[in-house]
Amino acid sequence: MFVLSDTPSLANHFLSEMRDVLTQDDRMRFRKNLERMGEILAYEISKSFEYSKKSIQTPLTSTSVFTATDNPVIISVMRASLPFYNGFLNYFDKAESGFIGAFRDESTAGEVKVQLGYHASPSLEGKIVILADPMLATGKSIVESITTLLTHGKPKHIHIASVIAAPEGIDYIKENISCSFSLWVGAIDEKLNHQSYIVPGLGDAGDLAFGPKL
Ligand SMILES: O=P(O)(O)OC[C@H]1O[C@H](OP(=O)(O)OP(=O)(O)O)[C@H](O)[C@@H]1O
Ligand SMILES: O=c1cc[nH]c(=O)[nH]1
Ligand SMILES: [Mg+2]
């Protein structure tokens with residue numbers, strides 16, 4: 001598992017702006033920080049890709065360069081993931097995209113049920129998939145999303161990317177995802193509260209990015 005905040009960097013600053021009640025209500029900045037966290041994690045994940053040498057011509061002479069042979073499918077778990085997913089798309093120029101709507105039904109006290117909605121995806125058979133969901137709380141949204149997406153083929157590998165993860169959610173996905181995956185997170189927080197929100201966390205990522213939903 002890769003944890004960005006293990007090494008202090010600019011990412012810590014972007015993450016602190018997302019967490020801080022004094023700055024997180026600037027929606028444009030919140031979305032921008034989600035996007036920048038996506039770009040940073042995209043760069044880190046790109047180090048795991050396969051590259052091949054090819055020859056190019058500069059204005060002065062020919063030279064050989066490394067280019068990526070892996071072309072990922074980037075999956076956005078809507079709603080909060082949309083700006084985060086855009087960060088990945090900014091870096092993986094030729095990526096295919098998939099979308100899935102996941103709604104956490106918190107109406108039953110102490111229990112999180114996930115309802116999946118619209119989903120659209122290319123074939124995932126044999127492909128490198130990046131599943132982008134900024135919050136990994138109970139892990140149910142990610143596990144339910146992957147279960148549904150696996151009906152579109154068996155990926156070669158899934159890179160699960162989140163901005164903040166709770167230990168409970170990490171354990172849950174390890175127990176419930178059978179296919180080959182790795183986890184890339186901005187930070188691992190302390191725990192979940194009784195409403196299954198991540199603590200210290202940042203609150204509701206979708207609401208902070210797009211406003212409260214009915
Ligand atoms: O790990 P889990 O317990 O499933 O929680 C994580 C999910 O919760 C939030 O979605 P939410 O249902 O709030 O929708 P939203 O993104 O539209 O706000 C968040 O965007 C994640 O998808
Ligand atoms: O803390 C949390 C947990 C789930 N979803 C969020 O947006 N925030
Ligand atoms: Mg939400």
Side-chain angles (χ1 to χ4, degrees), residues 1 3 5 14-21 23-27 29-35 37-38 41 74-88 97-121 129-149 158-177 181 183-214:
M1 171 167 46
V3 186
S5 60
F14 301 157
L15 200 42
S16 70
E17 286 187 345
M18 296 173 76
R19 292 178 185 275
D20 188 338
V21 289
T23 51
Q24 66 175 191
D25 57 352
D26 174 348
R27 271 188 200 145
R29 176 167 291 277
F30 188 85
R31 288 195 298 268
K32 185 67 189 170
N33 282 323
L34 272 175
E35 183 179 14
M37 291 301 287
L41 285 172
I74 309 171
I75 309 271
S76 175
V77 180
M78 294 182 287
R79 209 180 31 148
S81 178
L82 288 169
F84 186 46
Y85 149 84
N86 268 323
F88 286 92
S97 291
F99 301 88
I100 190 155
F103 168 73
R104 246 179 41 143
D105 177 355
E106 299 156 9
S107 56
T108 314
E111 189 198 342
V112 165
K113 286 199 291 286
V114 173
Q115 289 168 20
L116 297 181
Y118 170 82
H119 77 271
S121 167
V129 173
I130 295 173
L131 185 100
D133 192 348
M135 304 302 277
L136 169 46
T138 65
K140 290 183 178 177
S141 296
I142 285 179
V143 168
E144 302 274 319
S145 299
I146 288 180
T147 303
T148 295
L149 290 163
I158 303 180
H159 296 285
I160 297 172
S162 290
V163 175
I164 301 179
E168 299 90 330
I170 294 170
D171 292 343
Y172 185 80
I173 65 168
K174 282 181 178 169
E175 285 151 25
N176 291 280
I177 296 177
F181 78 91
L183 188 54
W184 307 74
V185 300
I188 300 178
D189 273 14
E190 191 187 318
K191 61 181 181 184
L192 294 179
N193 71 6
H194 64 289
Q195 289 173 307
S196 297
Y197 271 75
I198 302 172
V199 176
L202 46 72
D204 188 300
D207 292 0
L208 289 166
F210 301 113
K213 60 187 179 197
L214 285 180

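Both ligands and their constituent atoms are indexed starting at 1 by order of listing.
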### Message
Using a 4.0 Å cutoff against the non-hydrogen atoms of Met135, which atoms of ligand 1 qualify?
### Response
6 (C), 21 (C)

### Query
Looking at Gly139, which atoms of ligand 1 are within less than 4.0 Å of one of its heavy atoms?
1 (O), 2 (P), 3 (O)

Considering heavy atoms of the protein only, find what lies nearest to [atom] and give residue, atom and distance to 0.1 Å.
{"atom": "atom 7 (C) of ligand 1", "value": "Ser141 OG, 3.5 Å"}
{"atom": "atom 3 (O) of ligand 1", "value": "Thr138 OG1, 2.6 Å"}
{"atom": "atom 14 (O) of ligand 1", "value": "Lys213 NZ, 3.2 Å"}
{"atom": "atom 22 (O) of ligand 1", "value": "Asp133 OD2, 2.8 Å"}
{"atom": "atom 5 (N) of ligand 2", "value": "Met135 CB, 4.0 Å"}
{"atom": "atom 1 (O) of ligand 2", "value": "Ile198 N, 2.8 Å"}

Got an N/O contact under 3.5 Å between [X] and ligand 1?
{"X": "Glu106", "answer": "no"}
{"X": "Phe103", "answer": "no"}
{"X": "Asp207", "answer": "no"}
{"X": "Ala80", "answer": "yes"}

### Query
Backbone or side chain, does any N or O of Gly203 fall under 3.5 Å from an N or O of ligand 2?
yes

### Query
Side chain, backbone, both or neither: which part of Ala137 comes within less than 4.0 Å of ligand 2 when only heavy atoms are counted?
side chain

### Message
One residue to check: Pro134. Relative to ligand 2, which of side chain, backbone, both or neither has a non-hydrogen atom less than 4.0 Å away?
### Response
neither

### Task
Check whether any N, O or S atom of Asp204 sits under 2.8 Å from the Mg ion (ligand 3).
yes

### Protein non-hydrogen atom found under 4.0 Å from atom 10 (O) of ligand 1
no

### Task
For atom 5 (O) of ligand 1, state which one of Arg104, Lys113, Glu144, Arg79 supplies the nearest heavy atom.
Arg104

#### Entry: Element-labelled atoms of ligand 2 that are located less than 4.0 Å from some non-hydrogen atom of Ala205
6 (C), 7 (O)

### Task
Flag yes if more than 12 heavy atoms outside Lys113 fall under 6.0 Å of its NZ atom; otherwise flag no.
yes

### Message
Looking at Arg29, I want to see if its CZ is surrounded by more than 12 non-hydrogen atoms of other residues, nucleotides or ligands under 6.0 Å.
### Response
no

### Task
Please state which part of Asp204 comes within less than 4.0 Å of ligand 1, counting heavy atoms only: side chain, backbone, both or neither.
side chain

### Task
May I ask whether Ser196 places a heavy atom under 4.0 Å from ligand 2?
yes

